[in-house]
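Read the structure below first, then the notes.
In the text below, chain A, chain B and the rest are named by the order of the sequence lines, each starting its count at 1.
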Protein chains: 2
Amino acid sequence: MVKSVTLKDVAKRVGVTAAAASMALSGSDRISDTTREAVKEAARELGYVPSSAGRALRNQRAGAVALIVPNSSQHVFGHMYFMHVLTGVSESANAHDTQVLVSTNADEAQGVAAYERVMRSRSADGAIVTSAAIDDDNIQRLVASGLPVVLIGNFPYLDDAVSVGIDDVTATRRITEHLVEVHGRRNLLHVTGTLDHQTGVDRRQGFLDAVQAAGARGDIIEGDLSEQSGALAVELALSSAEAGTPGVFPYDGVVFANDDMALGGMRILRSKGVAVPTDVSVVGFDDFGLARVTTPGITTMRIPAEEMARIATERLFGLIDGTADLAAPSHLELPVEFIARASCGCADG
Amino acid sequence: MVKSVTLKDVAKRVGVTAAAASMALSGSDRISDTTREAVKEAARELGYVPSSAGRALRNQRAGAVALIVPNSSQHVFGHMYFMHVLTGVSESANAHDTQVLVSTNADEAQGVAAYERVMRSRSADGAIVTSAAIDDDNIQRLVASGLPVVLIGNFPYLDDAVSVGIDDVTATRRITEHLVEVHGRRNLLHVTGTLDHQTGVDRRQGFLDAVQAAGARGDIIEGDLSEQSGALAVELALSSAEAGTPGVFPYDGVVFANDDMALGGMRILRSKGVAVPTDVSVVGFDDFGLARVTTPGITTMRIPAEEMARIATERLFGLIDGTADLAAPSHLELPVEFIARASCGCADG
DNA sequence: CTGAAAGCGCTTACAG
DNA sequence: CTGAAAGCGCTTACAG
């Protein structure tokens, strides 16, 4: 259908061998100046672009990195978080003249996750894995296989794995302390993320640390990061017998493990006539876009997702090229940023 | 670093040639049942996965499609629209056992857009191009080159190009009519999208068609799809001399070309004490997530981005495989869905 | 110094 | 029927 221009075509036009043309294009000084220029000229005229397959086969290098969304966290696909990650990965990959492959999990044919097949087929020279579950076997195998992999997130059980994350425990402790210290809240509820992900566990821990240190009340309801589960958690709290009077919200502060759940929770609170932030202070986590546009805006911890991804990809290239600084800690932690908005009582609007 | 298992390894283990092993794995009946099973068993044991580069070179097929974001629309990267598109493309690609390459425009080295290099290097067998500008030369060249390409959007100037879009003119006419007919609005403003994109032009046309048919007033302010430009447009309208009294908003209905601008506009209206929807009915376009979470929720036209992408990718495979239905129209239009929310005065909340 | 072979991994067309 | 060569496009190590 389309005439592919190969190195041979370029070589033939100049009257040299393909090998010579290859060397000319790579700027080798084995080739005379005149020939080299002639080859470059011919390549330009013909619109020659090296075949990625030919190169990959010869160089044993795909010239691509894979961005993997494990089946254990399909919920991130379709979320702004992933866009930020993709942006960061692309930026770094572009700088390294490398393609980006996005690999979701299609089939799990013969027990091998699709993304492991991607790696084993050498379609990509390395992989960025984002937000895998704690006990995701496929990821563990991928890391153990020795293929260059950098994880985004915290993986205490995979302590030899290279990873880039944030300190969820400290971040959640800080935002909980904000509720206690700045807004005087003493009856707190935490709606958790998915507890099979380390972030879910860590954020819960940070919350518990803060309420314990403050001597405040700190209850826990398990959520799953969806807007709906935030709504359900609030409904559960409202209907709880402990509330004394059903319909009266028994907390004066809620720490949601992400902004989506905070939105769902605020919806229910409003519909039941519970005022945010007057009656209840609400905070979320993430700041991937949503927290800024709701009414009231959600006070939150901003995760530097794009930067995490960019740094993770840089580290991945270090692994691939063998230039990785072996003295560097395998796990890197980036700072989060506290963003005060109206839902906790800080800003107006 | 990692021992790659090749076909030769599998073959050696069974005591046949690589060629025979290849045939065995592909299920050829040239190979005896026992040998075939032995080869498959060996492949399983060794964890053999075919090299994508070897296959690509031999089959002259990359086994990948590219999803391209032209430099003329970098604003879509980092927007939920792109996530929906990526989801749709991935779904279809997975079904075809094909990789997805995401290609943003890095360098524009030697006048060739990065994505044209991707195509010419045969890293991908075809490309999905999303939301290109009307006069984007690179895209036109890509289409003209004969490489399999399917565009998402409307491209009347590229009438031989295969594309999947929506009818922006009709959709915008309908949502404008809604303001006139259901809410009795007569003084309308349209804040346009980027007018170098066909959607911007078409939505403006739909708005103008509707106001003309209704005999209503219909002013235009040019925007660029950003939240900020929506805010600026409203500020401009507020300060306009025509308004008579500055600070009084001179319209009772605003049709924003997307939801982001509607949000920005509503922010300013609220801050100036103009009530939405009581004083002014507001509508947007897209419904990629934001319109549902604002207060009030934004009445909008939902673009079926994921389905557009899925269908576009299916058509792309038709082109690549040469099984495309030549009788099918080159441009396909999908229906949009009117979503009534509070910003126009329909729902409450 | 330079020409041309070898080989990356695969699959199919060909020779026996 | 089956064995093994040829060749996809590339680049480097080798032979001259």
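Atom CE of M23(A) and atom P of dT12(D) are 8 Å apart (whole Å). Taking atom CG of D29(A) as the reference point, atom P of dT12(D) lies 14 Å away to the nearest angstrom. Rounded to an integer number of Å, the gap from CG of D33(B) to P of dT2(D) is 12 Å. Note: CG (L25(B)) to C1' (dT11(C)) measures 12 Å, nearest angstrom. Taking atom CZ of R120(B) as the reference point, atom C1' of dG9(D) lies 17 Å away to the nearest angstrom. For I31(B) and dT2(D), the CD1 to C1' distance is 8 Å, given to the nearest whole Å.
Looking at the side chain of R30(B), the nearest of the listed nucleotides dC8(C), dA13(C), dC10(C) is dA13(C). Counting only heavy atoms from C-beta on, T6(A) has its side chain closest to dC10(D) among dT11(C), dA5(C), dC10(D).
On a pure distance criterion of 3.5 Å, no polar donor-acceptor pair joins the side chain of R122(B) and the base of dG9(D).
Judged purely by distance below 3.5 Å, without hydrogens or angles, the side chains of H84(B) and E307(B) never pair a donor atom with an acceptor atom. Judged purely by distance below 3.5 Å, without hydrogens or angles, the side chains of S32(A) and T35(A) pair a donor atom with an acceptor atom. Judged purely by distance below 3.5 Å, without hydrogens or angles, the side chains of D160(B) and S330(B) never pair a donor atom with an acceptor atom. Residues S123(B) and S121(B) have side chains that bring a donor and an acceptor to within less than 3.5 angstrom of each other.
For dA15(D), the paired base is dT2(C) (Watson-Crick or G-U wobble, both distances below 3.5 Å).
Between dG9(C) and dC14(D), the distance separating the two C1' atoms is 22 Å to the nearest Å.
Nucleotides of DNA chain D nearest to A20(B) and L7(A) differ in position, and the one nearer the 5' end is that of A20(B).
No option in L7(A), I31(A), L25(A) other than L25(A) meets the side chain to side chain contact (heavy atoms under 4.5 Å, CB included) test with V39(A).
Every residue meeting the side chain to side chain contact (heavy atoms under 4.5 Å, CB included) condition with D321(B), not counting sequence neighbours, appears here in chain and number order: R61(B), F317(B), T323(B).
Near DNA chain C, meaning a heavy atom under 4.0 Å from it, residues 51-61 of chain A has L57(A), R58(A), Q60(A) in order of number.
Put simply, the side chain of S4(A) reaches to within 4.5 Å of the side chain of R122(B), judged on heavy atoms.
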